[in-house]
Amino acid sequence: MIGPTRIVRPPPKVSAPAKKAPAAPPQPRGFPERVALYVQALHRDRTASLLECFADAPRARAQACAKELQSISSALRQARLTTEFGTLPDALDRVQRLVLEASPSLRCAIVRHLPPALRARFSHLERPDHQAPPAMDALAARLAREALRAPAG
């Protein structure tokens with residue numbers, strides 16, 4: 001006599017939640033769009049009149065961008081500002097090269113003019129008691145700004 005047969009079934013597969021496709025990186029914006037973003041952030045009530053100064057084609061692009069910016073949330077506008085005008089991904093490499101090539105006293109002055117996130121990387125060079133001459137301090141501020149700025153082109 002044969003006993004009862006037992007059927008073993010594998011557990012049902014639980015499908016993982018569908019992953020969202022990664023967001024496309026923001027497209028590089030031209031000058032009119034960047035100006036529209038800047039003007040929208042600082043002079044929201046005067047954006048339309050300030051963008052009227054562009055020629056026809058750039059004005060249309062800037063106005064379209066301003067209209068889009070008005071329709072999104074404040075958080076997304078802030079994110080776009082940070083993306084467009086924030087520190088660049090290669091800023092740390094450029095600042096490191098600048099600091100390595102500078103004289104010891106200029107290094108301390110440059111570090112003093114860096115944003116807090118980058119200044120923390122060079123905490124060993126921070127000397128609150130070190131006072132650079134005004135000309136060196138101005139040069140250090142300019143060099144720090146240029147190292148953080150987008151390359152021309």
Side-chain angles (χ1 to χ4, degrees), residues 14-153:
V14 177
S15 61
K19 292 183 179 181
K20 293 182 180 177
Q27 295 299 318
R29 295 183 178 270
F31 181 72
E33 290 86 2
R34 288 174 59 104
V35 169
L37 178 60
Y38 183 79
V39 169
Q40 180 70 26
L42 292 181
H43 303 288
R44 185 173 305 137
D45 54 333
R46 295 179 25 209
T47 301
S49 64
L50 291 172
L51 295 179
E52 287 296 319
C53 299
F54 280 120
D56 293 337
R59 181 183 327 125
R61 289 174 38 204
Q63 288 171 338
C65 182
K67 186 176 181 180
E68 176 192 346
L69 290 169
Q70 290 171 351
S71 67
I72 63 175
S73 69
S74 175
L76 284 175
R77 275 195 303 275
Q78 292 299 318
R80 285 205 185 161
L81 279 167
T82 301
T83 301
E84 289 294 325
F85 299 110
T87 304
L88 297 173
D90 67 337
L92 180 60
D93 295 334
R94 295 189 323 196
V95 168
Q96 282 179 333
R97 277 184 281 150
L98 172 66
V99 169
L100 286 174
E101 293 173 1
S103 68
S105 58
L106 184 57
R107 287 178 187 169
C108 295
I110 290 170
V111 168
R112 191 175 317 126
H113 291 284
L114 293 175
L118 289 176
R119 194 178 320 136
R121 301 256 185 176
F122 300 98
S123 60
H124 61 285
L125 294 174
E126 287 189 271
R127 296 190 182 123
D129 58 335
H130 179 266
Q131 290 295 326
M136 182 182 288
D137 196 51
L139 174 64
R142 176 67 184 262
L143 290 171
R145 273 194 316 271
E146 291 297 326
L148 297 172
R149 182 178 291 178

Colleague: For the NE2 atom of His113 and the SG atom of Cys108, what is their distance to the nearest 0.5 Å?
Modeller: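 One finds 11.5 Å between NE2 of His113 and SG of Cys108.
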
Colleague: Please report the shortest heavy-atom distance between Leu37 and Arg80, naming the atom on each side.
Modeller: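 So the two residues come closest at CD2-O, 3.7 Å.
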
Colleague: Is there a side-chain contact (heavy atoms from CB on, under 4.5 Å) between Thr47 and Leu69? Walk through the geometry before answering.
Modeller: CA-CA 11 Å; Thr47 301; Leu69 290 169; over 6 Å; no

Colleague: For Ala147 and Arg94, which heavy atoms make the closest approach, and how far apart are they?
Modeller: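 Closest heavy-atom pair between Ala147 and Arg94: O-NH2, 2.6 Å.
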
Colleague: So which heavy atom on Arg112 is nearest to which on Asp137, and how close?
Modeller: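 Result for this residue pair: NH1-OD1, 3.2 Å.
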
Colleague: Which pair of heavy atoms, one from Met136 and one from Ala132, lies closest together, and at what distance?
Modeller: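 Scanning both residues, the minimum pair turns out to be SD-CB, 4.1 Å.
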
Colleague: Gln63 and Glu52: side-chain contact (heavy atoms from CB on, under 4.5 Å), yes or no, with the steps?
Modeller: CA-CA 9 Å; Gln63 288 171 338; Glu52 287 296 319; 2.9 Å; yes

Colleague: Apply side-chain contact (heavy atoms from CB on, under 4.5 Å) to residues Val95 and Arg121 and explain how you reach the verdict.
Modeller: CA-CA 10 Å; Val95 168; Arg121 301 256 185 176; over 6 Å; no

Colleague: Does Phe122 have more than 12 heavy atoms from other residues, nucleotides or ligands lying within 6.0 Å of its CZ?
Modeller: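 Yes.
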
Colleague: What are the two closest non-hydrogen atoms of Ala144 and Ile110, and how far apart are they?
Modeller: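 Between these two residues, the closest heavy atoms are CB-O, 4.3 Å.
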
Colleague: What are the two closest heavy atoms between Pro32 and Arg61, and how far apart are they?
Modeller: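 For Pro32 and Arg61, the tightest heavy-atom pair comes out as CD-NH2, 3.6 Å.
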
Colleague: Can you tell me how far CG of Leu106 sits from CG of Leu98, rounded to the nearest 0.5 angstrom?
Modeller: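 CG of Leu106 is found 7.0 Å from CG of Leu98.
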
Colleague: To the nearest 0.5 Å, what is the distance between CD on Gln96 and CG on Leu118?
Modeller: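 Answer for the CD-CG pair, Gln96 versus Leu118, is 9.5 Å.
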
Colleague: Is the closest basic N to carboxylate O distance between Arg142 and Glu146 below 4.0 Å?
Modeller: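 A salt bridge links Arg142 with Glu146.
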
Colleague: Rounded to the nearest 0.5 Å, what separation is found between the CZ atom of Arg97 and the CG atom of Leu92?
Modeller: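 Here the rounded value is 10.5 Å.
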
Colleague: Any chance you could measure Ser105, atom OG, to Gln131, atom CD, to the nearest 0.5 Å?
Modeller: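 One gets 12.5 Å once the value is rounded to the nearest 0.5 Å.
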
Colleague: Using 0.5 Å steps for rounding, measure from the NZ atom of Lys67 to the CD1 atom of Ile72.
Modeller: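 Lys67 NZ to Ile72 CD1: 14.5 Å, rounded to 0.5 Å.
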
